[in-house]
Amino acid sequence: MFPLACVVAGLGIWGAFALWFQLPGPAWVRGVAIAAWCLPALASLAVLAGWGGWNSGWRWAPAVFVLCAVLLLSWWHTIRPTHERVWADDVARMLESRVQGDEVVLDNVRNFTWRSETDYDVRWEARRYDLGQLVSADLMLSYWMGPAIAHTLVSFGFADGRRLVFSLEIRKEKGESFSALGGFFRRFETVIVAADESDIVRTRTNARGEDVYLYRLRLRPEQLRKVFLGYLERAAQVRAQPKFYNTLTSNCTTIVFELARRLSPTLPLDYRLLLSGYFADYAYDHGALVPGYSFEALKAAGRITPRAQAIGPDDDYAKTIRRGVPGVEEAELH
């Protein structure tokens with residue numbers, strides 16, 4: 001009976017969260033629905049534990065719970081991702097790309113000016129890039145919830161000094177905020193944002209005050225190209241078919257791991273893919289960061305928030321945050 005009781009308990013907990021995050025209506029309506037769901041679940045556990053006994057009035061509880069579970073799962077499978085919502089300004093548009101040989105044309109590259117999280121200038125741009133001029137990639141981790149959780153971004157550098165950052169993010173509706181727990185229960189759609197560093201990184205270091213670290217990736221030109229095009233491919237897939245964000249299986253770190261596996265198919269799964277704050281340690285252990293330094297040295301030199309917050313009005317953001325970062329060529333800083 002114990003394995004069956006674990007199944008009932010697990011499904012009961014999952015169902016309560018599913019109702020809380022997905023059932024329409026005010027909180028009291030969701031609370032009533034959760035109570036109605038939990039009652040047969042708890043009664044079933046009591047029967048399985050022998051507290052009520054199969055001959056008591058509770059003996060029908062497991063059958064009632066199975067019926068409720070079938071109804072709940074049927075409802076759950078009707079929940080579909082969509083592009084048709086009232087989106088927050090910073091995820092209102094989706095990246096579009098056209099690739100012809102080495103030339104890449106991108107529409108809806110974000111380049112907002114952020115004064116605070118709620119005070120900003122909206123600017124979406126069309127840009128052209130030459131993949132033959134792609135020279136570097138940097139892994140960035142932005143810490144906002146303790147040492148174990150970070151947002152993962154990848155910034156690509158071109159020979160002309162321009163940089164473009166890719167980030168898989170939740171596609172928030174207006175007034176909505178992120179919930180790691182809600183990310184397990186189809187609460188958010190996914191969007192892949194391409195943005196200027198002075199937008200997507202600066203808002204984290206300056207407007208939000210998050211602790212951001214930058215690491216130069218050890219990638220050859222053909223690998224840079226493959227990862228860059230991999231982001232465009234994923235963005236096109238999400239644009240064609242909306243997808244749910246998932247805190248565990250489809251997030252800002254798993255996409256980096258997925259693209260890295262295209263370069264090295266034998267990369268193993270690791271707990272640091274879930275605890276994304278330690279993802280740079282994982283990259284270091286598998287030779288993806290600049291060699292010749294300890295990880296502690298790379299992390300200390302890669303902490304960019306103090307440099308970003310000290311930037312003056314005439315300073316170049318991208319160059320300033322990279323000063324002293326191992327692997328960054330001196331020519332990039334001038």
Whether Gln309 side chain and Thr205 backbone form a donor-acceptor pair below 3.5 Å: yes
Is any side-chain heavy atom of Glu258 closer than 4.5 Å to a side-chain heavy atom of Leu168? no
Search all heavy atoms of Gly287 against all heavy atoms of Arg218 and return the closest pair with its distance. O-CD, 3.7 Å
Is the backbone of Tyr245 close enough, under 3.5 Å, to the side chain of Thr190 for a donor and an acceptor to pair up by distance? yes
Do the side chains of Arg85 and Glu176 get close enough for a salt bridge, i.e. N-O under 4.0 angstrom? no
Flag, side chain of Ser44 to backbone of Ala61, donor-acceptor distance under 3.5 Å: yes
Under 6.0 Å between ring centres, would you say that holds for Phe158 and Tyr129? yes
Ignoring hydrogens and geometry, is there a side-chain-to-backbone donor-acceptor pair from Arg110 to Asp90 under 3.5 Å? yes
Any donor and acceptor pair, going by atom type alone, linking the side chain of Thr203 with main-chain N or O of Ile200 inside 3.5 Å? no
Cation over ring face, Arg171 and Trp87, 6.0 Å, 45°: yes
Are Phe228 and Phe166, when compared by the centres of their aromatic rings, separated by less than 6.0 Å? yes
Ion pair Lys299/Asp281, N-O distance below 4.0 Å: no
Trp14 and ring-ring contact (aromatic ring centres under 6.0 Å, His included): which single residue from Trp76, Trp37, Phe21 fits? Trp76
Is the CZ atom of Arg208 crowded by more than 12 outside heavy atoms at less than 6.0 Å? yes
Donor-acceptor pair, side chain of Arg30 and main chain of Trp20, under 3.5 angstrom: yes
Give a yes or no on whether the ring-centroid distance for Phe257 and Phe279 is below 6.0 angstrom. no
In the hydrophobic clustering that connects Ile, Leu, Val, Met, Phe, Trp and Tyr at side-chain heavy-atom distances below 4.5 Å, which members other than Trp114 occupy its cluster, ordered by chain and number? Phe112, Tyr120, Val122, Trp124
I'd like to know if the side chain of Arg123 reaches the main chain of Asn111, judged simply by a donor and an acceptor atom lying under 3.5 Å from each other, with no hydrogens or angles considered. yes
Let me know which of Gln100, Glu96, Arg128 forms a side chain to side chain contact (heavy atoms under 4.5 Å, CB included) with Val105. Arg128
Could you walk me through whether Arg322 and Glu197 pass the salt bridge (Lys or Arg N to Asp or Glu O under 4.0 Å) check? CA-CA 12 Å; Arg322 285 175 171 79; Glu197 280 190 354; 2.5 Å; yes
Is the shortest heavy-atom distance from the side chain of Val154 to the side chain of Leu259 under 4.5 Å? no
Does Thr305 reach the main-chain N or O of Glu210 with its side chain, forming a donor-acceptor pair under 3.5 Å? yes
Side-chain donor or acceptor of Arg261 paired with backbone N/O of Leu267 under 3.5 Å: yes
Quick one: does any side-chain atom of Tyr143 pair with a main-chain N or O of Gly277 as donor and acceptor, under 3.5 Å? yes
Ignoring hydrogens and geometry beyond distance, is a side-chain donor-acceptor pair present between Glu84 and Thr82 at under 3.5 Å? no
